[in-house]
Amino acid sequence: MTGAYFACSIPMYYLYTGGFTVAGFNFLYCYLAAVAFVFIAFGYFLVIPDVDRMVKVLKYIGILCVPYLLTIICSLVVWTLNLTGLRVMIRGFFWPSYQMLAIFMAGAAVYCFGEEGIYYQLTALFAAYALFFLELIKEGGAGQVLYEYWRLIATAAKETGPLMTKLERIAYAHGMGIFFLYLVFTLKENKKSRFFLLPAGLLFLSGFKRSGILGMAVGLGLILIAGRFNQAGKKAFAIFVGIAMVAGGILYIWLLSYNIVDILAERFGINTMGRSEIYGVMRQYYDFSVTFWGRGLGYVSYSISKGLIKVGGSGRGDIHNDILRQYIELGMFGFVLWLWSFFHWRIKMFMEQVDIQCGIFALVALGYCYTCYMTENMYYRFNAGLALAVVILSYALQREEKKERMAYE
């Protein structure tokens, strides 16, 4: 199984943009590789079944998939009310479906390799990174790669050379940040985490995403704060932060709709790198109101990619703000439902179905994502969704199987 897994997972990462078109529809190799291993894992289950582990993994998969299913259901209503075009609906259906594919891919790895699934996944990503670095070294030489990497870090990304720019475009830094948080969180529990920690940190910095750095600070801060509480305190803290995420998302949309975010950014001298202009353009496509029912999943990215919404070129493809895009597409009701299910409900479910420690880790990982979503196109990024799924699934299985072993001893 190990050979089959890496034969699928390394190309899944490395061939992140490659694919082919049939009847006007694009099929990316990364998705096909993930589908292949899911089927291989299912075949493995049929030959050597571990029913108890499969039940656990499917339970975790269900918890992670619910928010995507709910948004599709909400969007079906919105598409009908808006008489949305077929192309928008197809895009809006498949994007969350790809995220559920990432969850099933993560579940397949965790089923086959147990808590080691996280390290197998990370090793595959390291291998893909190595292939990318070999391409950069072939183009510019090892010395130039090291120099540009050093300047990137030393200048906090103010100096980004052409080779580092190419590395940034593969967009794996945000997903690597999720892996890094897992490694930090499990340092005392898993010795292997210490082995992976340094390379994961160095690769995370190779993208030097400001949102990722801020998200990392939030994630590490949540680890430190939660560590100061007893079990009851941790549970209350996680529930409180989960509710705060829901309320904060609504407040954030209000601030964006009234241009307050842009005013604050200008006052404090924050370079939004064109985001303020994009948010300004998007204000005509939504209202901050309980009666705003949204425009349906797929609307924003389709309209931008086809030039129907002008935000500085069709090449942008999205609006660098997952929170805002979710609001525009889902409307107030669907948006609040998404916030509640994706953040608060997931954290609560992992605390109830596994244990409080697992809920705290879900809080840390989702807190990191929540921060990044405010200024990035990360929510629908396959590798980031895969990272989020595999770390939570792996840790949940680890905690639950550990409890069972202790009960038998």
Side-chain angles (χ1 to χ4, degrees), residues 9-10 12-17 30 99 102 106 118-119 121-137 145-185 193 196-221 271-275 316-318 320-323 364-392:
S9 59
I10 294 175
M12 178 185 66
Y13 280 120
Y14 183 63
L15 303 175
Y16 71 106
T17 59
C30 61
Q99 293 305 301
I118 168 68
Y119 301 112
Q121 195 76 59
L122 195 49
T123 299
L125 182 53
F126 283 173
Y129 259 112
L131 293 173
F132 287 125
F133 272 109
L134 286 175
E135 289 183 7
L136 296 180
I137 291 171
V145 171
L146 290 173
Y147 174 76
E148 288 190 16
Y149 178 82
W150 165 248
R151 295 305 301 166
L152 176 79
I153 305 302
T155 64
K158 292 180 180 178
E159 292 184 22
T160 305
L163 299 179
M164 288 300 102
T165 298
K166 289 185 176 182
L167 189 62
E168 180 187 357
R169 286 174 183 164
I170 67 176
Y172 286 159
H174 284 112
M176 187 60 75
I178 298 172
F179 282 118
F180 184 81
L181 281 171
Y182 172 86
L183 298 173
V184 171
F185 194 85
S193 292
F196 286 90
L197 187 64
L198 180 59
L202 292 174
L203 290 173
F204 168 67
L205 291 174
S206 69
F208 213 94
K209 295 287 189 178
R210 293 185 301 174
S211 59
I213 299 295
L214 181 58
M216 184 62 65
V218 169
L220 294 175
N271 181 8
T272 65
M273 301 180 71
R275 287 171 173 79
R316 287 189 181 274
D318 218 320
H320 289 284
N321 193 318
D322 289 319
I323 302 288
V364 169
L366 290 170
Y368 167 87
C369 292
Y370 185 90
T371 306
C372 295
Y373 291 166
M374 289 184 169
T375 57
E376 286 293 343
N377 303 325
M378 175 181 157
Y379 178 70
Y380 284 130
R381 196 169 292 158
F382 189 72
N383 66 81
L386 185 59
L388 179 62
V390 77
V391 296
I392 294 179

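Tyr149 is not listed as a side-chain neighbour of Leu167, based on a closest heavy-atom distance of 4.5 Å or more. Contact of the Met164 side chain with the Trp150 side chain is not registered, since no non-hydrogen atoms from C-beta on lie closer than 4.5 Å. When side chains are defined from C-beta on, Met374 does not count as touching Ser211, because their heavy atoms never get closer than 4.5 Å. Contact of the Val390 side chain with the Tyr182 side chain is not registered, since no non-hydrogen atoms from C-beta on lie closer than 4.5 Å. Side-chain contact check for Tyr119 versus Ser193: some heavy-atom pair is nearer than 4.5 Å. Within the 4.5 Å cutoff, the side chain of Ile137 has no heavy atoms near those of the Leu163 side chain. The shortest side-chain heavy-atom distance between Leu386 and Tyr13 falls under the 4.5 Å cut-off. Glu148 places a side-chain heavy atom less than 4.5 Å from the side chain of Pro162.
The CZ atom of Phe204 sits 8.0 Å away from atom CZ of Phe180, with the distance rounded to the nearest 0.5 Å. For the atom pair CG of Asp322 and OH of Tyr379, the computed distance is 8.5 Å after rounding to the nearest 0.5 Å. Going from atom CG of Leu203 over to atom CG of Leu198 covers 9.5 Å, rounded to the nearest 0.5 Å. Atoms CG and CG, on Leu181 and Leu366 in that order, are 11.0 Å from each other to the nearest 0.5 Å. The OH atom of Tyr14 sits 10.0 Å away from atom CD1 of Ile170, with the distance rounded to the nearest 0.5 Å. For the atom pair Leu125 CG and Ile10 CD1, the distance stands at 10.0 Å (nearest 0.5 Å).
A side chain to side chain contact (heavy atoms under 4.5 Å, CB included) with Met216 holds for exactly one of Val218, Leu214, Leu220; it is Leu220.
For Arg151, the side-chain hydrogen bond (donor to acceptor under 3.5 Å, both in side chains) criterion is met by Glu159, not counting sequence neighbours.
Listed here is the closest heavy atom pair of Gln121 and Met12: NE2-CE, 3.5 Å. Closest non-hydrogen pair, Ala387 versus Gly175, comes out as CB-O, 3.6 Å. Of all heavy-atom pairs spanning Cys372 and Met378, the tightest one is CB-SD, 3.4 Å. Heavy atoms only, all atoms of each residue included: Ile178 and Cys369 are closest at CD1-SG, 3.8 Å. Shortest non-hydrogen contact noted between Ala173 and Tyr368 is O-OH, 4.1 Å. Counting all heavy atoms, side chain and backbone alike, Ala389 lies closest to Ala102 at CB-O, 4.3 Å.
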Side chain to side chain contact (heavy atoms under 4.5 Å, CB included) between Ile118 and Phe179, intermediate numbers included: CA-CA 8 Å; Ile118 168 68; Phe179 282 118; 3.3 Å; yes
Step-by-step side chain to side chain contact (heavy atoms under 4.5 Å, CB included) determination, Thr123 to Phe196: CA-CA 9 Å; Thr123 299; Phe196 286 90; 3.5 Å; yes
Candidate pair Met176 and Asn383, rule side chain to side chain contact (heavy atoms under 4.5 Å, CB included), full reasoning: CA-CA 9 Å; Met176 187 60 75; Asn383 66 81; over 6 Å; no
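Lys166 has no carboxylate O lying under 4.0 Å from a charged side-chain N of Glu135, or vice versa, which leaves the two without a salt bridge. Between Glu376 and Arg275 there is a salt bridge, since at least one side-chain N of the basic residue sits less than 4.0 Å from a carboxylate O of the acidic one.
Between the side chain of Asn321 and the backbone N or O of Thr375 there is no donor-acceptor pair closer than 3.5 Å.
More than 12 heavy atoms of other shown residues, nucleotides or ligands fall within 6.0 angstrom of atom CZ in Phe133.
Ring orientation note: the planes of Tyr172 and Tyr129 are nearly perpendicular, at an angle over 60° on the 30°/60° scale.
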